[in-house]
2 protein chains.
Amino acid sequence: MKLSTRGQYALHAMVFLAQKAQEGPQPLRTIAEAGLPEQYLEQLLGALRRGGLVTTIRGAAGGYQIARPLEEITVASILESTEGPLNLSECATDQACCPKSSACITRDVWLYLTDNINSLLQGITLQDVLHNKPYGVKEHQSYEPRLS
Amino acid sequence: MKLSTRGQYALHAMVFLAQKAQEGPQPLRTIAEAGLPEQYLEQLLGALRRGGLVTTIRGAAGGYQIARPLEEITVASILESTEGPLNLSECATDQACCPKSSACITRDVWLYLTDNINSLLQGITLQDVLHNKPYGVKEHQSYEPRLS
DNA sequence: CGGAAATCCGACGAAAACGATCGGGATTGG
DNA sequence: CCAATCCCGATCGTTTTCGTCGGATTTCCG
């Protein structure tokens, strides 16, 4: 189980933009200076814009800016914008999984994990990351198997 | 962020073997009957054996069996055997990450997530899955940023 | 002993995903 | 106008994933 570099780069870029939030739009060039491939990063910022997390200003002296208050931007939303939704198993999203297995009890496991990982990711905001605070300490969602 | 089918198939197979734990060794053929690709599954069972989760009996009337008590086999160990360790970001395992970024504060995020997801996965045993019990409801590990 | 049932294992191959790179178009400040 | 900058679709090499294949080995059973 791993994440692609898209998510890593995206989080990195968002943290950078958050730090420079008061300094006007940051051009791609500047964001990539930490060592990220510039043209690749451009794609990711496009995804983040479409996800409503950054705004852009085109033309000379343009660049990228954080679109919303830092406490509203979660790691979950960053990863979802750049990597798509968390999908541990088709079994968890699609209905007709496990063709011949009458009682697919593994499905409950995937659903439980999906819920809890999402809740973990939603518990971390850019604000938290910047302030180096201990992250959200909600409890695990209690789990009751769905009757289906 | 997704899991490969290896993990899905492996969990499915392990649940099946757990259900048949009292009935002697189950041949590959039988395990695959639910619709899994037989020869592919064979590789996965090899990995599970190397991980110490199943034992095999070779030769005619042979097959696969659960190797340990159900409450000792966690979803974490199944996924680790078949997919390798959870690795959200090289940044989390390797040291020299983020080449030019002096203070890589994203690293703390990956470490935190890795710890908590692992703890989620370790909280579910085959026993729990079979009995359809609410899974482990430990709290999130409290997190204090490492000073590095 | 011989054959059938089964696991074991390495190699191969098609398809998808990943990690970029490229080239050109559109927008805007100076 | 021109330079800086974002926008966007296409392409491309590499790696990973998802299997398949063929053969070797082990063991039961008659």
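Below, read A as the first sequence line, B as the second, and so on, with proteins coming before strands; counting in each chain starts at 1. Here the structure is a predicted model, which is why all the values come from computation and not from measurement.
- Rounded to a whole Å, the CZ atom of A/Arg50 is 12 Å from the C1' atom of D/dC6.
- Dashed line: the shortest gap from a side-chain N or O of B/Tyr40 to OP1 or OP2 of D/dT17 is not under 4.0 Å.
- The side chain of B/Glu42 sits closest to C/dT7 out of C/dT7, D/dG19, C/dG19.
- Using a 4.0 Å heavy-atom cutoff across all strands shown, A/Leu45 reaches no nucleic acid atom at all.
- With contacts defined as side-chain heavy-atom distances shorter than 4.5 Å, the pair B/Leu45/B/Ile31 qualifies.
- The distance from atom CD1 of B/Ile57 to atom P of D/dC29 is 12 Å, rounded to the nearest whole Å.
- Both A/Gly59 and A/Lys2 lie close to DNA chain C; mapped to their nearest nucleotides by heavy-atom distance, the more 5′-ward contact belongs to A/Lys2.
- Open room surrounds CZ on A/Arg29; 12 or fewer heavy atoms of other groups in view lie less than 6.0 Å from it.
- Rounded to whole Å, the distance from CZ on A/Arg6 to C1' on C/dA20 is 11 Å.
- At a cut-off of 3.5 angstrom, the base of D/dT17 holds no donor-acceptor pair with the side chain of B/Gln43.
- Residues A/Val129 and A/Met14 form no side-chain contact, since every pair of their non-hydrogen atoms from C-beta on lies 4.5 Å or further apart.
- Atom-to-atom, CD of A/Glu83 to C1' of C/dC18 comes out at 11 Å; the value is rounded to the nearest Å.
- You'll find the side chain of B/Thr30 stays beyond 4.5 Å of the side chain of B/Glu23, heavy atoms only.
- Of all nucleotides listed (D/dC8, C/dC8, D/dT20), C/dC8 comes nearest to the side chain of B/Arg58.
- Side-chain atoms of B/Thr5 do not come within 3.5 Å of backbone N or O of B/Gln8 as any donor-acceptor pair.
- Proximity of B/Thr56 to the phosphate of C/dA6: no side-chain N or O atom is located under 4.0 Å from OP1 or OP2.
- Computed from coordinates, the B/Gln39 CD to C/dG13 P distance equals 16 Å when rounded to whole Å.
- At the phosphate of C/dA20, OP1 or OP2 sits under 4.0 Å from a side-chain N or O atom of A/Tyr9.
- At whole-Å resolution of the value, CG in A/Leu28 and P in C/dA26 are 20 Å apart.
- Regarding contacts with the backbone of D/dC18, a side-chain N or O of B/Ser4 is found under 4.0 angstrom from either OP1 or OP2.
- Here the side chain of B/Ala60 is nearest to one of C/dA5, D/dA4, D/dT20, namely C/dA5.
- Listed nucleotides C/dT7, C/dA20, D/dG19 differ in distance to B/Pro27; the shortest reach to its side chain belongs to C/dT7.
- For A/Glu38 and C/dA20, the CD to P distance is 13 Å, given to the nearest whole Å.
- Remark: B/Tyr64 is in phosphate contact with C/dC8, judged by side-chain N or O atoms under 4.0 Å from OP1 or OP2.
- OP1 or OP2 of D/dC7 has at least one side-chain nitrogen or oxygen of A/Arg49 nearer than 4.0 Å.
- Rounded to a whole Å, the CE atom of B/Met1 is 13 Å from the P atom of C/dC18.
- When atom types are taken as modelled, the side chain of B/Arg6 and the backbone of B/Thr82 share a donor-acceptor pair closer than 3.5 angstrom.
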